[in-house]
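What follows is a single structure, written as structure tokens, with notes after it.
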Amino acid sequence: IDSLEENYRAESPKSRAYFERCSITMPGGAKGAYFYTPYPLTMEKGEGCYLFDLDGRRFIDFVGHHTTQILGHNHPSIIQAIEKQIKLGIALGAHAGVEAEIAETMCRRVKSLERIRFCNSGTEATLHAIRLARGFSGRSKIAKFEGGYHGSHDAVEVSVAPPLDKAGPAAAPASVSGAGGASPHAAKEVVILPYNDEVSVKRLLNDNCNELACVIFDPKAGIMTLNRNFVQFVREITKELGILLIFDEIVGFRLSSGGLQEIYSLLPDLTTFGKLVGGGLPVGAFGGRADIMSLLDNTLGATGFFQSGTFSAHPL
């Protein structure tokens with residue numbers, strides 16, 4: 001290991017210098033997902049399936065910027081579209097006339113989408129979807145699966161990777177906040193479900209159904225393959241108990257033109273999107289049933305709900 005690290009340092013002096021420079025003004029030098037010891041490589045550019053670091057070395061990219069670059073880096077069609085929009089304006093502070101096409105495309109491709117709204121990230125998408133579920137149902141608790149990641153707000157950064165001594169029994173996982181500084185009450189509002197355990201999921205949802213606004217469910221948790229029957233069971237039990245189902249397709253949407261829900265032949269109540277639907281730019285989206293999404297319809301008068309943002313539905 002010492003020899004490997006020595007070679008790493010010898011071959012990446014510019015990355016090391018850049019990291020040391022960043023560490024002066026940014027805590028830790030790099031954001032959490034990009035940090036590793038002894039220091040992270042700094043990539044200067046990407047082209048197709050390759051990344052090039054500051055020291056001029058070429059790497060095969062198997063990550064695709066967290067799955068967002070499904071067409072590879074600097075795909076000519078994406079660059080052309082961005083250049084065309086830049087000439088019209090980067091951000092106009094108004095309805096920019098480009099939302100309709102992608103909204104119509106998404107609603108056409110995903111059968112459960114009757115209405116859709118755009119935001120800036122997957123985290124924002126799950127935040128707004130959960131707010132809608134709580135408001136529509138009049139209930140405050142949510143349920144998520146142990147190990148499922150749905151972004152970095154208090155309601156969902158719970159039991160993503162809990163310490164084993166705090167995780168609780170496999171059939172009834174404990175709710176453990178994983179974010180320093182999170183609201184002390186956040187974890188109490190989350191029921192944790194075990195993957196691939198129909199008996200336990202049914203029991204936990206039955207026990208809490210009168211308080212649960214929704215189940216948020218990533219049907220492809222990282223590299224973990226879920227049983228088709230289990231995914232369909234989650235849809236059936238939530239519908240039976242009157243609990244809204246939010247499908248997190250932020251990563252899984254790349255697997256078919258209609259997302260994972262097309263593969264599993266089911267219709268969730270709400271769906272969240274991000275990553276690849278932005279062509280490599282910051283993006284998030286959420287949508288689903290028209291009656292739920294209508295809480296955001298300003299033409300109906302005050303509903304008590306609001307979703308906007310300076311860069312939401314960014315023209316680029």
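Residues L71 and M106 are members of one and the same hydrophobic cluster, defined by side-chain heavy-atom contacts under 4.5 angstrom among Ile, Leu, Val, Met, Phe, Trp and Tyr. No continuous path of hydrophobic side-chain contacts links L244 to L267 [ILVMFWY only; heavy atoms under 4.5 Å]. When hydrophobic clusters are built by joining Ile, Leu, Val, Met, Phe, Trp and Tyr residues whose side-chain heavy atoms come closer than 4.5 Å, directly or via intermediates, I70 is not grouped with V251. Both V191 and I243 are part of a single hydrophobic cluster, where members link through side-chain heavy atoms under 4.5 Å apart. The hydrophobic cluster containing V98 does not contain I90, counting ILVMFWY residues as joined when their side-chain heavy atoms lie under 4.5 angstrom apart, directly or transitively.
A heavy-atom distance below 4.5 Å is not found between the side chains of F118 and S312. Side-chain contact between R57 and L41 is present, with heavy atoms from C-beta onward closer than 4.5 Å. At least one side-chain heavy atom of V234 sits under 4.5 Å from a side-chain heavy atom of L245. Two residues are said to be in side-chain contact when any heavy atoms from C-beta on lie closer than 4.5 Å; V283 and F273 fail this criterion. Proximity of F305 to L132: side-chain heavy atoms (C-beta onward) are separated by under 4.5 Å at one or more points. In this structure, I192 and F145 have side chains that are not in contact, with every pair of non-hydrogen atoms separated by 4.5 Å or more. By the 4.5 Å heavy-atom criterion applied to side chains, F311 and P282 are not counted as neighbours. Counting heavy atoms from C-beta on, the side chains of L88 and P315 never come closer than 4.5 Å.
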ask   = Going through the checks in order, is the side chain to side chain contact (heavy atoms under 4.5 Å, CB included) test met by F286 and L127?
value = CA-CA 10 Å; F286 62 100; L127 182 150; over 6 Å; no
Y18 vs Y39, ring pair (Phe, Tyr, Trp, His ring centres under 6.0 Å): CA-CA, chis, key distance, verdict = CA-CA 10 Å; Y18 189 78; Y39 54 84; over 10 Å; no
request  = Please step through side chain to side chain contact (heavy atoms under 4.5 Å, CB included) for the pair N196 and L226, ending with a clear verdict.
outcome  = CA-CA 7 Å; N196 291 324; L226 296 183; 3.7 Å; yes
request  = Applying side chain to side chain contact (heavy atoms under 4.5 Å, CB included), run through V199 and R203 and close with a yes or a no.
outcome  = CA-CA 6 Å; V199 173; R203 171 178 49 79; 5.7 Å; no
query = Should T271 and F253 be marked as a side chain to side chain contact (heavy atoms under 4.5 Å, CB included) after you check the CA-CA gap, both sets of side-chain angles, and the distance that decides it?
reply = CA-CA 10 Å; T271 305; F253 187 58; over 6 Å; no
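For L164, the CG atom sits in a loose shell: 12 or fewer heavy atoms of surrounding residues, nucleotides or ligands are nearer than 6.0 Å. Other residues, nucleotides and ligands place more than 12 heavy atoms under 6.0 Å from the CZ atom of F35. Atom CG of D165 has more than 12 neighbouring heavy atoms from other residues, nucleotides or ligands inside a 6.0 Å radius.
Residue pairs meeting the salt bridge (charged side-chain N to carboxylate O under 4.0 Å, His left out) criterion with at least one partner in residues 231-251, sequence neighbours excluded, are R235-D269.
Contact detail for L276 and R254: the closest heavy-atom pair is CD2-CB, 3.0 Å. Between G148 and V160 the shortest heavy-atom distance is O-CG2, 3.6 Å. Closest of all the heavy-atom pairs between A129 and T272 is CB-CG2, 3.8 Å. Taking all atoms of both residues into account, the shortest heavy-atom contact from K14 to L54 is CD-O, 3.2 Å. The two residues L193 and A143 make their nearest non-hydrogen contact at CD1-CB, 4.0 Å. A pairwise comparison of heavy atoms in F59 and M43 identifies CD1-CE, 3.9 Å as the closest pair.
Between the side chain of T126 and the main chain of H150, a donor-acceptor pair closer than 3.5 Å is present. Looking at S15, its side chain never comes within 3.5 Å of a backbone N or O of S12 through a donor-acceptor pair. Checking side-chain atoms of Q232 against main-chain N and O of Y264 turns up a donor-acceptor pair under 3.5 Å. With hydrogens and angles disregarded, a donor-acceptor distance shorter than 3.5 Å links the side chain of E124 to the backbone of N120.
Expressed to the nearest 0.5 Å, how far CG of L113 lies from CE of M293 amounts to 8.5 Å. Atom CG of D55 and atom OG1 of T42 lie 9.0 Å apart (nearest 0.5 Å). With rounding to the nearest 0.5 angstrom, the CD1 atom of I116 is 12.5 Å from the CG atom of L296. To the nearest 0.5 Å, atoms CG (L51) and CG (D61) are separated by 4.0 Å. With rounding to the nearest 0.5 angstrom, the OG atom of S308 is 8.5 Å from the NE2 atom of H128. Here CG of D218 is found 7.5 Å from CG of L260. Values are rounded to the nearest 0.5 Å.
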Got a list of side-chain donor-acceptor pairs under 3.5 Å for residues 166-187, not counting sequence neighbours?
{"residue": "S175", "atom": "OG", "partner": "A187", "partner atom": "O", "Å": "2.6"}
{"residue": "S175", "atom": "OG", "partner": "V190", "partner atom": "O", "Å": "3.2"}
{"residue": "S183", "atom": "OG", "partner": "H185", "partner atom": "N", "Å": "3.2"}

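Each of K141, K144, R134, R139 was compared with E189 under the salt bridge (Lys or Arg N to Asp or Glu O under 4.0 Å) criterion, and only R134 meets it.
Ring geometry for Y195 against F217 counts as tilted: the plane angle lies between 30° and 60°, on a 0 to 90° scale.
The existence of a salt bridge linking E5 and R9 is confirmed by a sub-4.0 Å separation between a basic side-chain nitrogen and an acidic carboxylate oxygen. A salt bridge between R289 and D291 is present, with a side-chain N of the basic residue lying under 4.0 Å from a carboxylate O of the acidic one.
Counting only N and O atoms by type, the side chains of S265 and R228 include a donor and acceptor under 3.5 Å apart.
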